[in-house]
Peer 1: 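Once you've had a glance at the structure underneath, I'll fire off some questions.
Just so you know, these numbers come straight off a predicted model, no measurement behind them. The figures here come from the full heavy-atom set of this structure, side chains too, leaving out hydrogens, waters and symmetry mates. For ligands, and for the atoms within them, numbers begin at 1 and follow the listed sequence.
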Amino acid sequence: MMKPSDQKSPSRPKELILGTLSQRDFVSGEALARELGMTRPAVWKHITRLREEGFIIESLQGKGYRLKAVPDILFPNLIRRELKTAYFGQTIRHFLHTDSTNTQARAWAAEGAAEGALVVSEYQEKGKGRLNRIWQSPSGKNLLFSLILRPDWPPQKAFYGTVLASVSLCRAVQEIAGISVGIKWPNDLYVGNKKLAGILTEFATDPDRLEYMIIGIGVNCHWAPVEPLPGGQPATSILKEAGKKISRLLLLTRFLAHGEALYQRSQSAGVGFLREEWNRYSVVNNRKVTLMNGQTSWTGLAQGIDEQGGLILLLEDGRRETFLTGDIHLRFQEADFF
Ligand code: BT5
């Protein structure tokens, strides 16, 4: 396992300006430009953007700029202060805007990011679901992050990244929001029949071991799409289900604590116990479901996952089949059959 290092976030102008303003009282535009190696119009442009993102930045003639208030933002130092882990989330890249935290994490992992490195963003321009689907989330409302792991697993075990994340997230959501959540195969967290969170696990192989794994997670904390999105089932948020706002920071840090504990256990005891944990939270087991794979669909009784994470279905004709990919539609209205 690679040891965590203290890699710094890449220098980005808005973050540099914020960093300077957060440490000082008034700073003139001229001093900001000189110290940060920018032109004054560039400083002005970035200050305008920051104000649009919710930062209250006062400006006084003859004195310069002063940071008066910050929006609820997952700054790395705030995350680290709350963290009780050895390496999950100890190295962080935080973005106000990015394309996708998974894309950023992949590039960082390819450059050698440490195990447990975390990419967090307030907003994604190209948030990804599976099969090039879109993950939607307005700025600053929800949790959008990706965790880099380097398990010594063969590629067939990659699904356990999703299993580990699903179980850790169920535990963290229950603790922080007090609501009961379940896992819907293969990669969703559900409350009742509504989607609360999605997980996208990507990986690179070495070739017969995993080189790295990116576990990307989107949790609807304070916003959810109102209408089901194309191809999607209805969505919900913690705010809707719990009737209150929660601390995104605490949810993230509890997730990381549970994740690290389960990951460490999997390294000493193997991944078998994760399957049992997954089955405990599954909302599909012993339910009649329809599984869609492209244009083809199968209906059957879900019977848990096999060793590779494939869903076992007892089909209507009595055959037992295992599916490695697909989307499940829960049949809430119908009485169970068989
Ligand atoms: C997923 O895919 O559910 C995985 C989503 C992973 C998103 C995270 S955010 C951080 C990291 N960086 C990324 O770029 N991605 C990860 P899938 O099972 O394919 O579901 C995608 C479908 O969910 C879309 O086609 C929509 O129908 C629906 N959807 C989109 N945004 C949603 C939201 N906020 N809440 C509920 N459903 C949503």
Side-chain angles (χ1 to χ4, degrees), residues 74 89 92-109 117-149 158-159 161-166 168-170 173 181-203 213-241 248 251-252 255-256 259 283-284 289 291-294 309 311 323-330:
L74 295 162
I92 304 170
R93 280 187 179 173
H94 173 265
F95 295 87
L96 295 171
H97 279 246
T98 191
D99 44 6
S100 143
T101 56
N102 265 38
T103 306
Q104 292 297 328
R106 253 194 124 111
W108 195 15
L118 181 73
V119 178
V120 186
S121 188
E122 304 297 333
Y123 181 70
Q124 299 181 123
E125 272 143 34
K126 291 186 183 155
K128 297 190 281 186
R130 290 176 300 141
L131 307 168
N132 290 324
R133 293 173 189 149
I134 293 169
W135 188 257
Q136 288 196 349
S137 190
S139 184
K141 300 272 184 203
N142 294 331
L143 267 183
L144 306 165
F145 63 95
S146 301
L147 181 71
I148 299 171
L149 293 182
F159 186 75
T162 304
V163 175
L164 180 115
S166 310
S168 310
L169 197 55
C170 282
V173 169
V181 276
I183 303 170
K184 176 171 157 280
W185 184 89
N187 62 324
D188 294 334
L189 252 63
Y190 263 59
V191 179
N193 63 343
K194 295 185 180 146
K195 180 159 169 170
L196 182 80
I199 300 170
L200 175 67
T201 301
E202 301 180 286
F203 55 91
M213 193 160 73
I214 309 295
I215 305 177
I217 301 184
V219 189
N220 295 334
C221 297
H222 302 136
W223 179 93
V226 179
E227 298 290 330
L229 296 160
Q233 291 193 289
T236 191
S237 66
I238 290 178
L239 177 60
K240 271 195 201 138
E241 299 299 327
R248 295 184 305 148
L251 183 60
L252 175 61
F255 165 82
L256 292 166
V283 296
V284 301
V289 299
L291 183 138
M292 306 285 302
N293 219 332
L311 183 74
F323 298 85
L324 286 170
T325 55
D327 285 296
I328 275 193
H329 292 268
L330 297 169

Peer 1: S100 side chain to G127 main-chain N or O, any donor-acceptor pair under 3.5 Å?
Peer 2: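 Checking the backbone N and O of G127 against the side chain of S100, no donor-acceptor pair under 3.5 Å is found.
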Peer 1: At a 4.0 Å threshold, what atoms of ligand 1 neighbour a non-hydrogen atom of I199?
Peer 2: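 That gives atoms 4 (C) of ligand 1.
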Peer 1: Quick one: does P225 get within less than 4.0 Å of ligand 1, heavy atoms only?
Peer 2: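 Under 4.0 Å: yes for P225.
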Peer 1: Using the test salt bridge (charged side-chain N to carboxylate O under 4.0 Å, His left out), find all partners of K195 that sit at least two apart in sequence or belong to another chain.
Peer 2: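 Only D188 meet the salt bridge (charged side-chain N to carboxylate O under 4.0 Å, His left out) criterion with K195.
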Peer 1: Look only at the side chain of S121 and the backbone of Q124, and say whether a donor-acceptor pair between them is shorter than 3.5 Å.
Peer 2: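 Side chain of S121 to backbone of Q124, a donor-acceptor pair under 3.5 Å: no, none is there.
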Peer 1: Quick check against the 3.5 Å criterion: does R130 have a side-chain atom that pairs as donor or acceptor with the backbone of G326?
Peer 2: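 Looks like yes, one N/O pair under 3.5 Å.
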Peer 1: Tell me the contacting part of K128 for ligand 1: side chain, backbone, both, or neither, using a 4.0 Å heavy-atom threshold, strictly below.
Peer 2: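 The part of K128 near ligand 1 is both the backbone and the side chain.
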Peer 1: Contact between ligand 1 and N220 is defined here as a heavy atom of the residue under 4.0 Å from a ligand atom; is it met?
Peer 2: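 Contact check N220 vs ligand 1: positive.
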Peer 1: Which is closest to atom 1 (C) of ligand 1 in terms of heavy atoms, D327, L200, N187?
Peer 2: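 Looking at heavy atoms only, N187 sits closest to atom 1 (C) of ligand 1.
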Peer 1: Please state which option from K194, K195, Q136, R130 has its nearest heavy atom closest to atom 3 (O) of ligand 1.
Peer 2: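 Answer by nearest heavy atom: K195.
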Peer 1: Mind checking what makes salt bridge (charged side-chain N to carboxylate O under 4.0 Å, His left out) contact with E241, not counting sequence neighbours?
Peer 2: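 Per chain and number, E241 pairs via salt bridge (charged side-chain N to carboxylate O under 4.0 Å, His left out) with no residue.
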Peer 1: Whether the side chain of N142 engages the backbone of H222 through a donor-acceptor N/O pair (distance < 3.5 Å, no angle test) should be reported.
Peer 2: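 Indeed, once roles are kept as given, a pair shorter than 3.5 Å links the two residues.
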Peer 1: For D188, which part has a heavy atom under 4.0 Å from ligand 1: side chain, backbone, both, or neither?
Peer 2: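 Near ligand 1, D188 shows its side chain, while the N, CA, C and O stay back.
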Peer 1: With heavy atoms of A235 as the reference, note each atom of ligand 1 found under 4.0 Å away.
Peer 2: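 Atoms satisfying the 4.0 Å criterion: 35 (N), 36 (C).
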Peer 1: For ligand 1, which atoms, with element, lie under 4.0 Å from some heavy atom of L144?
Peer 2: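 So the answer, numbered in order with elements, is 9 (S).
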Peer 1: Between N187 and T162, is there a donor-acceptor pair closer than 3.5 Å when you use the side chain of the first and the backbone of the second?
Peer 2: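 No: the side chain of N187 does not pair with the backbone of T162.
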